[in-house]
Structure formats: structure tokens, C-alpha cells
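In each ligand, atom 1 is the first atom listed, and ligand 1 is the first ligand listed. Just so it is clear, the model here is predicted, and its values are computed rather than measured.
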Amino acid sequence: MSSSLSFLATTASPFHHHHSRHPRKASRAPTHFSPSASGPSTNATNNKAFDNGGDKESILRLDRRNVLLGTLGGLCGAATLGRKNTAFAAPLQPPDLSKCQTANAGSEEDPLPVECCPPYTDNSKIVDYKFPSPSTPLRIRKPAHLLNADDLAKYKEAYRLMKALDPSDPWSFEQQARVHCQYCNGAYDQVGFDVPVNVHFNWIFEPWHRYYLHFHERILGKLIGDETLALPFWNWDSPDGMTIPSIFNDTKSPLYNEKRNQNNLTKVMDYHYSTQNYEDKYTEEELKLKNLYEMNTTYRESLPLPELFHGDPVRAGEEASIGKTMGRIEAIHNAGHSFVGMAKAPYRDMGNLASSGYDPLFYCHHSNVDRMWHIYRQMRGNKVDFNDNDWLKSSFVFYDENRQLVRVQVEDCLNPQKLRYTYQEVELPWADRNMIKKKLVKTKSGVKPRSTTSLVQVSEFGPDPRPLDSTIRALVQRPKKSRTKSEKDDEVEVLVIDGIELPPNGPISFEVYVAAPSGGDFVGPDLGESAGRFSKLPHTHIHKKGNAEKKKCSLKLGISKLLEEIDAEGSEKVVVSLVPKDGEVTIGGIHIDLIKTDWRA
Ligand code: C2O
């Protein structure tokens with residue numbers, strides 16, 4: 001194994017639970033919950049907004065949300081706090097179940113209201129979650145493409161039963177799917193704030209989805225009376241697992257969903273997949289190697305700085321994405337969504353967060369997203385990702401396999417063993433960077449030596465925002481050149497693209513490359529090495545307070561290792577290239593920061 005990946009040695013280390021435990025009092029509440037007791041009726045509105053063939057009028061409802069829709073701002077809005085903000089930040093609190101409202105799967109300008117409220121609305125029925133006893137069997141999540149016949153039969157039967165339940169039952173597939181929409185399309189506001197709840201584009205992305213899958217998996221198991229039932233994972237970080245697992249392509253299976261891009265059913269998923277301007281220019285082998293290379297880069301650059309992996313902090317009263325960065329793992333995961341989802345607006349099911357939960361593949365996709373977090377934590381020796389109570393104490397509510405509404409918090413899900421599941425250990429083919437590189441150079445699009453012919457002159461980005469309508473190449477000053485090893489151990493070099501202004505809807509993506517100048521202001525024609533990409537799925541969230549000038553977010557990418565690799569450590573400046581793919585984006589500026597890290601390989 002190459003020395004650059006010596007961090008993999010920690011993979012086999014046992015789990016530690018670093019953070020302290022805080023016993024909480026469970027409030028007494030009835031253990032059973034009757035879905036018929038309250039809540040909106042669900043049978044008539046099931047996912048209907050997507051199915052009515054464009055006649056939006058018929059499903060528009062004049063509730064508070066829709067009245068607001070006309071005045072909402074952009075997708076990445078102003079860094080404002082909602083009305084009842086205090087001076088002190090605090091962890092995110094669970095939503096007020098009694099205040100669910102019509103969600104929006106479209107945009108502010110072109111709303112697509114969708115009913116995704118759950119049948120439960122009574123906050124007094126919520127109790128603190130009682131974690132499964134350590135003596136219950138560990139569920140072992142396995143790679144979906146290697147699932148044996150027995151496991152497959154159980155998995156299918158569980159979904160068959162889930163889909164057969166009355167759609168008003170919180171265990172039903174309909175209600176399970178709605179949960180995702182509730183937490184990303186503005187169905188709830190944060191308690192005490194005029195700010196929507198959003199589990200994407202911020203540091204609760206991984207923990208929230210971990211709990212979502214946990215309860216989903218336990219309900220599936222309960223339905224077939226099997227405590228060991230485990231969600232398989234779509235092993236898209238392995239060359240053999242990079243296509244949609246074939247078990248999802250059997251049209252007679254309950255795992256099947258016809259709302260997928262029919263062109264991609266057997267293709268290799270590209271971590272840089274874009275919905276609109278995708279160039280299908282690589283062979284399968286090249287694509288697989290490029291994906292592995294990207295996964296390696298993701299870990300290598302993000303291990304010292306969890307915000308680069310997870311996304312930026314969002315505390316109570318803050319809106320996800322405003323002035324913030326999405327984590328690198330979320331960006332890769334977005335490619336999976338876009339790749340599977342339908343190619344046209346409203347991009348359902350997987351291609352739109354409001355409808356993603358309607359595809360059984362979603363849960364299998366997220367099983368791997370969760371596994372990537374698990375591996376990330378192992379590589380960091382299980383050091384707590386954010387030693388910050390606003391993360392650790394962030395809490396959510398789910399409906400569990402005992403028909404109970406339960407409250408959970410982030411700090412209790414860091415160790416999957418506590419949730420009584422684990423992942424089958426499989427090879428990590430992306431771990432050995434040198435091996436991947438060697439294979440890549442042999443392909444025709446491989447990592448080429450930097451061209452020194454036909455040099456072009458580049459200048460700085462400039463003070464004003466620029467539309468990214470064609471490739472932008474800009475010279476960017478580094479805070480410090482020729483950093484020593486100990487300086488690098490203390491601070492991570494981070495490329496920041498900020499003031500990113502997004503169009504109101506549709507998928508958005510652009511690519512980022514970094515090259516060393518060939519001397520002065522001149523650089524070769526090659527864009528250089530990929531540093532990462534920005535991607536956002538169509539309708540990730542609604543902002544109420546944003547306004548046209550301020551709908552901005554940012555992208556942060558670690559480049560410490562990359563600069564060594566391209567021999568740019570001695571350069572005062574680097575050349576950053578932004579290449580547009582989906583959507584019309586405006587860029588505010590590009591700069592490089594040094595950010596303190598407390599983690600060392
Ligand atoms: Cu909540 Cu894959 O997104």
C-alpha cells in the first residue's frame with residue numbers, strides 16, 4: 001500500500017465513543033399511536049403533485065406556504081436569522097409536528113407544491129428514543145451487487161409488505177418516502193424561526209440520514225419478523241458496484257421503480273455526472289478509475305477538516321446553504337441522485353429531493369453514503385467530527401418500528417454499533433492512489449504531464465461577480481507559499497469559491513480545476529487537476545428570507561495535497577479554472593484560505 005494512504009491503517013481499529021454521554025429523562029407518553037387520530041388525510045394526495053401531467057393549478061392549495069411562494073427569495077439566500085433569533089447559537093431542534101405545511105418541489109418562481117406531511121401531528125406523543133439493547137444481533141449491511149438469494153428474498157419481501165400497507169400508516173412506503181420531503185422541501189419551519197428545516201447542504205446531512213435509514217431498516221425488519229434484516233449498500237466506491245445494482249432492474253421486483261433514467265440503468269455512474277450537459281466521453285474503465293481517484297482525493301483532502309467532508313455548520317435559526325458549503329460526500333452523492341433520476345423536470349424520483357424517497361434505491365444509495373461516513377470516522381480514529389454542542393445536540397424526530405414517535409440526537413448516532421448495525425468489510429479500491437494513477441496514465445485521457453506549449457495568459461478574478469457561462473480561468477494568490485510540514489500539519493489550504501449565486505431551480509453543477517502557472521501569469525492549455533465540483537439537485541430547499549442580491553452560497557475544497565502533487569507548493573499563485581455544466585451560475589470570487597485543523601494522520 002502506498003505511503004500516502006497510510007491512514008488506512010486505522011481502518012481496522014476498534015470503535016471508541018469519544019464524546020460524553022448525557023442521560024436524558026424520557027417523558028411519559030402513550031406507547032401507541034393511532035394514525036387515524038389526527039393529521040391530514042393521505043390517501044388522496046399521495047405524491048400527486050408529480051403525477052398530474054403539468055396541470056399545477058389543480059393541486060395548488062392556498063395555504064400559508066403558497067401565499068408565501070410568490071415572495072420567496074433565492075436558493076442560497078442572505079445570511080439572516082429568522083424572526084425570533086437570539087444572540088446565541090443553539091443546536092437544531094425537532095420541528096413542531098403540528099405545523100406541517102405544503103412543501104415545494106419546484107422553485108420560488110415556478111412552485112410545485114407537494115403534500116408530504118405525515119399523519120402524526122401530536123408533539124406530546126414524542127419520547128426520547130430507547131436505543132436497542134447491546135445484546136440484539138448486529139445487522140450487517142452488505143454490498144447490493146453481491147447480495148445472496150436468501151438476503152435478496154427477505155429484502156424484497158420487506159418492501160413488498162411495506163408497499164402493501166395503507167398509505168396513511170407511518171410504516172407504509174408512502175409515509176417513509178414523505179419523511180425525506182418533509183425535511184428538505186420546507187414542510188416544517190425551525191421552531192421559533194421563520195426558517196425552513198433542511199437536512200441538506202450542512203453538517204447534519206450525514207447524521208440525519210443515518211437515523212432515517214436506521215428506523216426505515218428496523219421497520220422493514222419488523223414487517224418480515226426478522227431482527228437481522230439489513231439494508232444493502234450500493235457499493236459505488238468499488239469498480240464492480242458502480243452500476244445500478246441489477247436487483248433494482250428486475251421489473252417485477254418491489255425494488256423496481258420505473259421513474260429512473262432509462263439510459264443509465266446499466267451504465268457506470270460518474271461522480272461528475274451532470275443532468276443537462278453530460279459528456280459521455282470516457283470508457284467504462286476510465287470512468288471507474290476517475291471515480292476511484294476522486295474518492296481518494298475526497299478522503300485525503302477532507303480528513304483533517306470535517307466541514308470539507310460533511311458541510312458547514314448550521315445552527316438553530318440559520319438557513320442551510322446560505323453563505324455555506326456543502327460537504328464533499330454530499331456532492332458525490334448528488335451525482336448518484338442525478339444519475340438515477342429522470343432526465344427532465346421535475347427530475348423525479350431520485351433526481352429531485354422531494355421525491356427521492358419514492359425509489360427503494362434511495363435507501364440503498366444512502367446506505368453507502370452512510371458507510372462512507374463510517375469509514376471516514378474510522379480513518380480519523382473515531383475522533384469526534386465536530387466537537388461542538390450545536391452539532392452533537394442537534395435533534396430530530398422519527399417514527400420507529402414500535403409505532404412510537406421518538407426524539408434522537410446527533411451525538412448518539414456516531415457509532416453504528418449503538419444502533420446495532422455495521423457494514424460488511426469490503427475492499428477499498430480507492431485507497432491506493434499511486435496504483436490508480438498508474439492505471440489512469442495508461443488510459444487515453446489519463447493524467448498527462450503539464451503542457452508547456454501554447455501558453456495562455458491569465459489574470460486575477462477581479463472584484464466583481466462574473467457569470468459562469470463559459471470556462472473562467474483565474475490567477476489566485478496563495479496566503480503562503482512553500483509551507484513547511486508542520487505548517488501543513490496545523491493548517492489546511494482551502495480553495496474557496498464564494499458568492500455563488502444560483503438560478504431558481506433545476507440541477508446545478510460546475511467543475512473546479514487547479515494548475516500551477518508555467519511562469520508569471522502564463523499557464524498551459526490544460527486545466528490541470530480536478531479539485532472537485534459543485535453540485536446541487538433541483539429543489540433542495542426553500543428560502544423565505546433570501547432576496548435577489550443575496551442568494552449566495554460557497555464551495556470549499558481542500559487543496560493541500562493537490563498542490564504538492566502538481567508541484568505547486570513553491571508557487572505564489574495558482575490558476576483556478578471553473579467549468580460550467582448544469583444551470584446558469586454567477587461567481588462572486590475565488591480565494592485561498594488557511595484553516596486550522598486539530599487532526600493529524
Ligand atoms: Cu436527503 Cu440523498 O438526500
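Remark: of the listed residues Tyr211, Phe215, Tyr399, Phe396, Phe215 is the sole one forming a ring pair (Phe, Tyr, Trp, His ring centres under 6.0 Å) with Tyr129.
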For a quick test of your reading: what N or O donor-acceptor pairs under 3.5 Å do the side chains of residues 231-238 make, sequence neighbours left out?
{"unit_1": "Trp234", "atom_1": "NE1", "unit_2": "Gly241", "atom_2": "O", "d": "2.9"}
{"unit_1": "Trp234", "atom_1": "NE1", "unit_2": "Thr243", "atom_2": "O", "d": "2.9"}
{"unit_1": "Asn235", "atom_1": "ND2", "unit_2": "Asp237", "atom_2": "OD1", "d": "2.8"}
{"unit_1": "Trp236", "atom_1": "NE1", "unit_2": "His365", "atom_2": "ND1", "d": "2.8"}
{"unit_1": "Asp237", "atom_1": "OD1", "unit_2": "Asn368", "atom_2": "ND2", "d": "3.3"}
{"unit_1": "Asp237", "atom_1": "OD1", "unit_2": "Arg371", "atom_2": "NH1", "d": "2.8"}
{"unit_1": "Asp237", "atom_1": "OD2", "unit_2": "Arg371", "atom_2": "NH1", "d": "3.3"}
{"unit_1": "Asp237", "atom_1": "OD2", "unit_2": "Arg371", "atom_2": "NH2", "d": "3.3"}
{"unit_1": "Asp237", "atom_1": "OD2", "unit_2": "Trp430", "atom_2": "NE1", "d": "2.9"}

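Relative to the six-membered ring of Tyr282, Lys290 meets both conditions, a distance below 6.0 Å and an angle of at most 45° to the axis.
With hydrogens and angles ignored, the 3.5 Å screen pairs no side-chain donor or acceptor of Asn202 with any backbone N or O of Pro313. In terms of modelled atom types and a separation under 3.5 Å, the side chain of Asn104 and the main chain of Leu112 share a donor-acceptor contact.
Inspection of the environment of atom 2 (Cu) of ligand 1 yields the following protein N, O or S atoms under 2.8 Å: His333 NE2, His337 NE2, His366 NE2.
Ion pair Arg178/Glu115 not flagged as a salt bridge, since none of the NZ, NE, NH1 or NH2 atoms sits closer than 4.0 Å to an Asp/Glu carboxylate oxygen.
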